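Structure first, then comments.
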Amino acid sequence: MAEGIPLNDEDRIPWLCALHDMLRREESSGQDAILACSALKKMYRRVLVSGASAIESNQPEQPGENVALKILFVHLDGPIDIIAGRLEKRRGHFMPPELLKSQFDTLEPPSAPENFIAVSLEKSLPEIVLEIERAIFQGEAFLE
C-alpha cells in the first residue's frame with residue numbers, strides 16, 4: 001500500500017488470520033480487545049471471527065468446532081470526499097490517499113446477520129466514540 005498498490009485477498013488473508021489468532025489469545029486470557037483494521041469484505045470479517053477455517057469452508061464454524069469469537073464490527077460510514085479530506089491531513093501514514101477509491105471499490109458494507117453497528121463519520125469524534133461505547137456497554141453489540 002505504501003507503494004500505491006492496493007492489497008488483494010492473497011495479501012490480506014494471512015494478516016487477518018494472524019489478527020484472529022491474536023484476538024483468540026486475548027479472549028483465552030480473559031482480556032477484552034479493540035482492533036482497528038479495514039475488514040472491507042464480508043469474507044475478511046468471517047476470518048477475523050472464525051479464523052482460517054472460514055476461508056476453506058467459506059462458512060462460519062459449525063457447533064463443536066473452535067467457537068467463533070464474539071466481535072462487534074464498527075462500520076465507520078461516510079462519503080468519499082470526507083474521508084479523502086481526512087486522508088490528505090494525515091502525515092506519515094502508510095496508505096496514500098490515491099488508494100481510497102480502491103478501498104471503496106472493495107468495500108462490502110456489513111449487513112445482517114453480521115454483528116455490527118454503522119456510525120456516521122459526519123458526526124464529531126466525541127459523538128462517534130459515545131455511540132460505540134453505548135453499543136458496547138448497553139449490550140446491544142453482542143448477539144447470542
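Numbers here simply count residues along the sequence, with the first being 1. No experiment lies behind these values; they were computed from the predicted model shown. These values consider heavy atoms only, across backbone and side chains, with no hydrogens, waters or symmetry-generated copies.
Applying the side chain to side chain donor-acceptor pair (under 3.5 Å) test to pairs two or more places apart or on separate chains, those with a residue in residues 29-42 are Asp9-Lys41.
With Glu127 contributing its side chain and Ser124 its backbone, the two residues share a donor-acceptor pair below 3.5 Å. Of the possible polar contacts, none joining the Arg46 side chain to the Ala54 backbone as a donor-acceptor pair under 3.5 Å is found.
The cluster map of Ile, Leu, Val, Met, Phe, Trp and Tyr, joined by side-chain heavy atoms under 4.5 Å apart, puts Val129 and Ile82 in different clusters. In the hydrophobic cluster analysis, where Ile, Leu, Val, Met, Phe, Trp and Tyr join through side-chain heavy atoms closer than 4.5 angstrom, Ile34 is grouped apart from Leu69. Hydrophobic cluster membership is shared by Val74 and Phe104, with clusters built from Ile, Leu, Val, Met, Phe, Trp and Tyr side chains linked at under 4.5 angstrom.
For the atom pair CZ of Arg12 and SG of Cys17, the computed distance is 13.5 Å after rounding to the nearest 0.5 Å. How far CG of Leu107 is from NE2 of His75: 5.5 Å, rounded to the nearest 0.5 Å. For the atom pair CZ of Phe116 and OG of Ser111, the computed distance is 6.5 Å after rounding to the nearest 0.5 Å. Atom SG in Cys37 sits 5.0 Å away from atom CG in Leu48 (nearest 0.5 Å). Note: Leu23 CG to Glu27 CD = 9.0 Å, rounded to the nearest 0.5 Å. Between atom CG of residue Asp21 and atom CD of residue Glu26 there is a gap of 12.0 Å, rounded to the nearest 0.5 Å.
Val119 pairs in a side-chain contact (heavy atoms from CB on, under 4.5 Å) with only one of the listed residues (Leu130, Leu76, Asp77), which is Leu76.
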Next item on the list: Report the C-alpha distance between Ile117 and Phe73 in whole Å, list the side-chain angles of each, state the deciding distance to 0.1 Å, and finish with yes or no for side-chain contact (heavy atoms from CB on, under 4.5 Å).
Entry: CA-CA 6 Å; Ile117 60 169; Phe73 291 98; over 6 Å; no
Check: side-chain contact (heavy atoms from CB on, under 4.5 Å) between Glu108 and Leu40: does it pass, once the steps are laid out?
Finding: CA-CA 6 Å; Glu108 297 171 3; Leu40 298 171; over 6 Å; no
Margin query: What verdict does the side-chain contact (heavy atoms from CB on, under 4.5 Å) test give for Leu16 and Arg45, after you've listed the backbone C-alpha separation in whole Å, the side-chain angles of each residue and the deciding distance to 0.1 Å?
Written below: CA-CA 9 Å; Leu16 292 166; Arg45 295 185 293 273; over 6 Å; no
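In this model, no donor atom of one side chain and acceptor atom of the other lie less than 3.5 Å apart for Gln103 and Thr106.
More than 12 non-hydrogen atoms from other residues, nucleotides or ligands lie less than 6.0 angstrom from CD of Glu133.
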